[in-house]
Student: 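Got a structure for you, written out below as structure tokens; questions coming shortly.
Throughout, a chain's letter reflects where its sequence line sits, starting with A, and its residues are numbered from 1. All values below come from the heavy atoms of this structure, side chains included, with hydrogens, waters and symmetry mates left out. Predicted model only: the values in this text are computed from it and were never measured.
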Amino acid sequence: MTKSVWVSDVHDGAHDGENVELKGWVYRTRGSNKIWFLVLRDSTGIVQCVIKKSDVGEDCFEELKSALIESSVTLFGKVNVDERAPGGHEVVISSGKIIGEVNPENPFPITESAMESSDGGETEFLLDNRHLYLRTNRMTTMLKIRSSVFGAIHSYFRNLDFIEYQAPNFVAGAVEGGSTLFEVPYFPNEKNPERKAYLTQSWQLYAEAAMPALERLYTIAPSFRAEKSRTRRHLTEFWHAEMEIAWGGNADVMAHGESLVRNIASTLLDERSDELISLGRDIDLVSRYADNPYPRIRYDEAIETLQGMGVEIEWGQDLDYSKEKILTQDFEVPHFLTHYPRIAKPFYHRPDPDDPKYVLCHDLLAPEGYGEIIGGGERTWTEKEILERIDEEGTPREPYEFYIDVRRFGGVPHGGFGLGVDRVCSWLAGAEHIREVIPFPRDSRRVTP
RNA sequence: GCCGCUGUAGCUUAGUGGUGGAGCGAUGGACUGUUAAUCCAUAGGCCGCCGGUUCAAAUCCGGUCAGCGGCGCCA
């Protein structure tokens, strides 16, 4: 049953003149009643198969001719170098059969016309038929790019001896102050009829608990946000790559963030440049993101810049997307924004000892309007400071007792960041919408298929 | 939570008050090398749903449902 010949190997010339067995799905067909061209698709590409009635016989010819788009087939034939074939290689078939048929009364719904006006985007029809849309060239390409991004993140951290570490997805309280959490009934009982758990928004608090044990740790895991965001960069379930290091400050964490993102860009150039080109992505742009340093700008400078441009913004306000967009429109590479006002950020950010009006934090803003891809910084790490900050925010202490304990037993300076993996995929692939880079996107209005 | 836009055949769409058209796909036929093949024919429509105006509604009005886009929030 195992498959040994892949379409990409046929095009690479690995089987020229050989008899091979091909397994795959019908991509397109055309022809006459004497010669039939079946373009076969597998996970590595497409190849033209030539079926002549005189070679395969009447019965086989009629069977293969009846195979509709996305029928699965096995074909035997000889690999032939022929300039008339798309890609330069074709397979002249000697026999073959349909494995899984497609009923003519219910043909494969993802047609050329279904994708025609979508512009790589996401029509209602394509979203409803996502499970079938995955088989198309565009989605397959996106998923391959996504795989390389995940691989690059694992390689980056493992090469530096980071330990991959998993936190629970059911949690008792919020990480972000005031953000909306998904509630899940969690074994309510007589004592506690309303008992609930929440889906995690971040691995961070649990990573900090393991920081004194592992010192360098990372994860790639889903995070959940119950905000009804309707934008091209939000999902309710997204993949979060997070890291935490002991004995590191804001600048150290930022250095990792920069290296990681540049590493992802260069990995894509190595492994997926064909795919990027097929999506129409400008390779020079991706090279620029891989090769150039990412500047750091303090919050105060950003505010001054914006005010100088005539934007109405006051010191102390967080930078929303509309401001980010104005700020980043002239950026050629991602920029870090650092030292936000303490009042704009949650309690776990450490106040700057040089000026406690600010916290030691950073956001990494991607160019081309893709916005924030990293949020991170140095953590509040003494018991005194963390209690002070929790209280000043009005956050209850109880759910965070385990977190405060980290400071009570040998606290050390430490920090980390979270990177939105889907956002990075979307940005580097040049996607129109973050939904394009995840197989089954979840947003506030859609949980199916 | 707020603002905007769109629902016509399986898909993409034309149709501003008077018997709903096309392309793709499907089916049948023709064609010996096609490149999204081509040509001929056939089938396929509660014009999202409910109500109203009118002699007459896909078309005008009200409501409703669904979807999409944007803002706030963030990765």
Student: Between B:U6 and B:U19, how far apart are the C1' atoms? Round to whole Å, please.
Tutor: 28 Å

Student: Quickly work out the A:Glu124 CD to B:U6 P distance and round it to whole Å.
Tutor: 15 Å

Student: Are A:Ile35 and A:Lys53 close enough that some pair of their side-chain heavy atoms sits under 4.5 Å apart?
Tutor: no

Student: May I ask you to check whether A:Phe224 and A:His240 place their ring centres under 6.0 Å from each other?
Tutor: no

Student: Using whole Å, report how far NZ of A:Lys345 lies from P of B:C73.
Tutor: 11 Å

Student: Going 5' to 3' through nucleotides 27-36 of chain B, assign each nucleotide B (protein heavy atom under 4.0 Å from a base atom), S (under 4.0 Å only from sugar-phosphate atoms) or - (no protein heavy atom that close).
Tutor: S---BSBBB-

Student: Contact class for A:Ile69 vs. all strands (heavy atom < 4.0 Å): base, sugar-phosphate, or nothing?
Tutor: nothing

Student: Classify the side chain of A:Arg423 versus the base of B:C74 as yes if they form a donor-acceptor pair under 3.5 Å and no if they do not.
Tutor: yes

Student: Base, sugar-phosphate, or nothing: which does A:Ser322 touch, judged by heavy atoms less than 4.0 Å apart?
Tutor: sugar-phosphate

Student: In whole Å, measure the gap between the C1' atoms of B:G7 and B:U12 for me.
Tutor: 14 Å

Student: How far does the P atom of B:C55 sit from the matching atom of B:C65, given to the nearest Å?
Tutor: 32 Å

Student: Any luck finding a side-chain donor-acceptor pair between A:His234 and A:Thr231 under 3.5 Å?
Tutor: yes

Student: Could you measure between the two C1' atoms, the one in B:G70 and the one in B:U64, and give it in whole Å?
Tutor: 23 Å

Student: I need the CG-P distance between A:Leu127 and B:C11, as an integer number of Å.
Tutor: 14 Å

Student: Between the base of B:C11 and the side chain of A:Ser113, is one N or O donor paired with an acceptor at under 3.5 angstrom?
Tutor: yes

Student: Taking the same atom, C1', in B:C74 and in B:G4, what whole-Å distance lies between them?
Tutor: 23 Å

Student: What I want to check is whether the side chains of A:Ser148 and A:Glu271 have a donor and an acceptor closer together than 3.5 Å.
Tutor: yes

Student: What is the ring orientation for A:Tyr218 with A:Phe157, classed by angle as parallel under 30°, tilted 30 to 60°, or perpendicular over 60°?
Tutor: parallel

Student: Does any donor atom in the side chain of A:His414 or A:Glu208 lie under 3.5 Å from an acceptor atom in the other side chain?
Tutor: yes

Student: What interatomic distance, in whole Å, is found between P of B:C71 and the corresponding atom of B:U38?
Tutor: 42 Å

Student: Mind checking which stems touch RNA chain B? I mean at least 3 consecutive Watson-Crick or G-U pairs, both distances under 3.5 Å.
Tutor: B:1-7 with B:65-71, B:10-13 with B:21-24, B:26-30 with B:38-42, B:48-52 with B:60-64

Student: Within this structure, what is the CH2-CD1 distance for the pair A:Trp427 and A:Ile264, rounded to the nearest 0.5 Å?
Tutor: 8.5 Å

Student: Check the angle between the aromatic planes of A:His362 and A:Phe417 and answer parallel, tilted or perpendicular using the 30° and 60° thresholds.
Tutor: perpendicular

Student: Let's test your reading of the model: under 3.5 Å, does the base of B:G72 pair with the side chain of A:Ser229 as donor and acceptor?
Tutor: yes

Student: Touch check for A:Asp422, heavy atoms < 4.0 angstrom, all strands: base, sugar-phosphate only, or nothing?
Tutor: nothing

Student: Provide the distance between the two C1' atoms, one in B:C47 and one in B:A36, to the nearest whole Å.
Tutor: 30 Å

Student: Does A:Arg225 place a side-chain N or O at less than 4.0 Å from the phosphate oxygens OP1/OP2 of B:C73?
Tutor: no

Student: Whole angstrom is fine here: how far is it from OH in A:Tyr340 over to C1' in B:C74?
Tutor: 11 Å

Student: Could you check how far CZ of A:Phe125 sits from P of B:U8, rounded to whole Å?
Tutor: 12 Å

Student: For the side chain of A:Glu372, counting heavy atoms from C-beta on, which of B:A75, B:C73, B:G70 is nearest?
Tutor: B:A75

Student: In whole Å, what is the span from the OH atom of A:Tyr133 to the C1' atom of B:G10?
Tutor: 17 Å

Student: Does either side chain, that of A:Thr111 or that of A:Ser113, offer a donor lying less than 3.5 Å from an acceptor on the other one?
Tutor: yes

Student: Would you mind checking if A:Arg158 and A:Glu164 are paired as a salt bridge, meaning a charged N to carboxylate O distance below 4.0 Å?
Tutor: yes

Student: Measuring to OP1 and OP2 of B:C68, would you say a side-chain N or O of A:Arg446 lies under 4.0 angstrom away?
Tutor: yes

Student: Measure CZ/A:Arg435 against P/B:G67 and give the value in whole Å, please.
Tutor: 11 Å

Student: RNA chain B: A:His433 or A:Leu364, which has the more 5' nearest nucleotide?
Tutor: A:His433

Student: Please report whether the ring centroid of A:Phe402 lies less than 6.0 Å from that of A:Tyr206.
Tutor: yes

Student: Using atom C1' of each nucleotide, how far apart are B:A56 and B:C60 to the nearest Å?
Tutor: 13 Å

Student: Rounded to whole angstroms, how far apart are CG on A:Leu365 and P on B:A75?
Tutor: 11 Å

Student: Describe the nucleic acid contact of A:Arg233 in one word from base, sugar-phosphate, nothing, applying a heavy-atom distance below 4.0 Å.
Tutor: base

